[in-house]
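Here is the structure we will look at.
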Amino acid sequence: QVQLVESGGGLVQPGGSLRLSCAASGSIFSIYTMGWYRQAPGKQRELVALIHTGGSTNYADAVKGRLTISRDKNTMYLQMNSLKPEDTAVYYCNVRTSFGEYWGQGTQVTVSS
């Protein structure tokens, strides 16, 4: 089992920045990929970014150059710069492990003036 606790969401103006955090506990030794997904109102959940064991990353085209995923031991981060209104969504932390896949509770990010 892996438990995930997210933090860092909030309201920000267009062009602003936020940093999301996801702290993992439990069987963290089994994690091989961590990632961020988001779901906007009326839309399906979509991939934002992944970070794999070894440090390689993948990004959705819509966020390349603006959002950066990183990991420090058992905590994953999403640095969000140059935010746009279309980035407004609930952001979810996700981990893939030898035992299965786990999700965080989600944190709201709202980009609005």
Side-chain angles (χ1 to χ4, degrees):
Q1 289 276 359
V2 175
Q3 294 78 44
L4 303 171
V5 178
E6 301 165 5
S7 60
L11 173 64
V12 63
Q13 292 187 342
S17 297
L18 281 175
R19 189 174 81 155
L20 305 183
S21 299
C22 173
S25 60
S27 301
I28 60 174
F29 62 90
S30 64
I31 295 173
Y32 57 85
T33 295
M34 301 182 77
W36 291 97
Y37 291 74
R38 66 186 182 186
Q39 187 167 18
K43 295 187 176 181
Q44 290 188 332
R45 191 172 297 188
E46 63 178 7
L47 172 68
V48 176
L50 297 173
I51 186 164
H52 307 283
T53 302
S56 62
T57 57
N58 302 99
Y59 291 94
D61 288 344
V63 306
K64 284 180 180 177
R66 301 187 298 115
L67 276 58
T68 304
I69 191 171
S70 62
R71 177 181 176 181
D72 181 12
K73 296 181 181 178
N74 63 322
T75 301
M76 177 178 62
Y77 303 96
L78 187 67
Q79 179 65 44
M80 310 169 71
N81 298 329
S82 302
L83 283 163
K84 305 176 181 180
E86 50 263 44
D87 294 317
T88 295
V90 177
Y91 284 70
Y92 295 91
C93 171
N94 170 274
V95 299
R96 301 174 192 173
T97 78
S98 307
F99 307 111
E101 188 173 29
Y102 300 89
W103 292 90
Q105 80 282 3
T107 185
Q108 177 70 46
V109 172
T110 302
V111 184
S112 175
S113 55

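Remember, predicted model here, so these are calculated numbers, not experimental data.
Looking at heavy atoms from C-beta onward, K84 lies out of side-chain contact with V111 at the 4.5 angstrom threshold. In this structure, V12 and S17 have side chains that are not in contact, with every pair of non-hydrogen atoms separated by 4.5 Å or more. Side-chain contact between M80 and V63 is absent, with no heavy-atom pair separated by less than 4.5 Å.
Pairs passing the salt bridge (charged side-chain N to carboxylate O under 4.0 Å, His left out) check and including a residue from residues 50-66, sequence neighbours excluded, read D61-K64, R66-D87.
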Please test V2 against M34 for side-chain contact (heavy atoms from CB on, under 4.5 Å), starting from the C-alpha separation and ending with a verdict.
CA-CA 12 Å; V2 175; M34 301 182 77; over 6 Å; no
For a side-chain contact (heavy atoms from CB on, under 4.5 Å) check, start with the C-alpha distance between N94 and E101, then their side-chain angles and the critical distance, and finish with the verdict.
CA-CA 7 Å; N94 170 274; E101 188 173 29; 3.0 Å; yes
Test Q1 against Y102 for side-chain contact (heavy atoms from CB on, under 4.5 Å), laying out the working first.
CA-CA 8 Å; Q1 289 276 359; Y102 300 89; 3.5 Å; yes
side-chain contact (heavy atoms from CB on, under 4.5 Å) between W36 and R38: does it pass, once the steps are laid out?
CA-CA 7 Å; W36 291 97; R38 66 186 182 186; over 6 Å; no
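The environment of CD in Q44 is sparse: at most 12 heavy-atom neighbours from other residues, nucleotides or ligands sit within 6.0 Å. In E86, the CD atom is crowded: over 12 heavy atoms of neighbouring residues, nucleotides or ligands sit closer than 6.0 Å.
Closest non-hydrogen pair, I28 versus R71, comes out as O-NH2, 4.5 Å. Taking all atoms of both residues into account, the shortest heavy-atom contact from R45 to Y37 is CG-CB, 3.9 Å. When every heavy atom of C22 is checked against every heavy atom of L4, the shortest pair comes out as SG-CD2, 3.9 Å. Between G9 and L20 the shortest heavy-atom distance is N-CD2, 3.6 Å. Shown here for S98 and Y32, the closest heavy-atom pair between the two residues is N-CE2, 4.0 Å. Closest of all the heavy-atom pairs between S112 and P14 is C-CD, 3.6 Å.
Going from atom CD of Q108 over to atom OG1 of T88 covers 7.0 Å, rounded to the nearest 0.5 Å. Taking CZ of R19 as the reference point, atom CD of Q79 lies at 7.0 Å (rounded to 0.5 Å). Interatomic distance, CD1 of I51 versus OG1 of T33, reported as 9.5 Å (0.5 Å rounding). To the nearest 0.5 Å, atoms CG (L18) and OH (Y91) are separated by 9.0 Å. A distance of 10.0 Å separates OH in Y59 from CG in L50, rounded to the nearest 0.5 Å. In this structure, K73 NZ and T75 OG1 are separated by 9.5 Å, a value rounded to the nearest 0.5 Å.
A single hydrophobic cluster is not seen to contain both Y92 and V109; linkage of ILVMFWY side chains at heavy-atom distances under 4.5 Å, directly or through other members, places them apart. Tracing side-chain contacts under 4.5 Å through hydrophobic residues (I, L, V, M, F, W, Y), one never reaches M76 starting from V5; they form parts of separate clusters. There is a path of hydrophobic side-chain contacts, each under 4.5 Å, that joins L47 to V90. Under a hydrophobic-cluster definition in which Ile, Leu, Val, Met, Phe, Trp and Tyr are linked whenever side-chain heavy atoms come within less than 4.5 Å, directly or via other members, I69 and V95 are assigned to the same cluster.
When the side chain to side chain contact (heavy atoms under 4.5 Å, CB included) test is applied to S70, the partners found at least two apart in sequence or on another chain are Y77.
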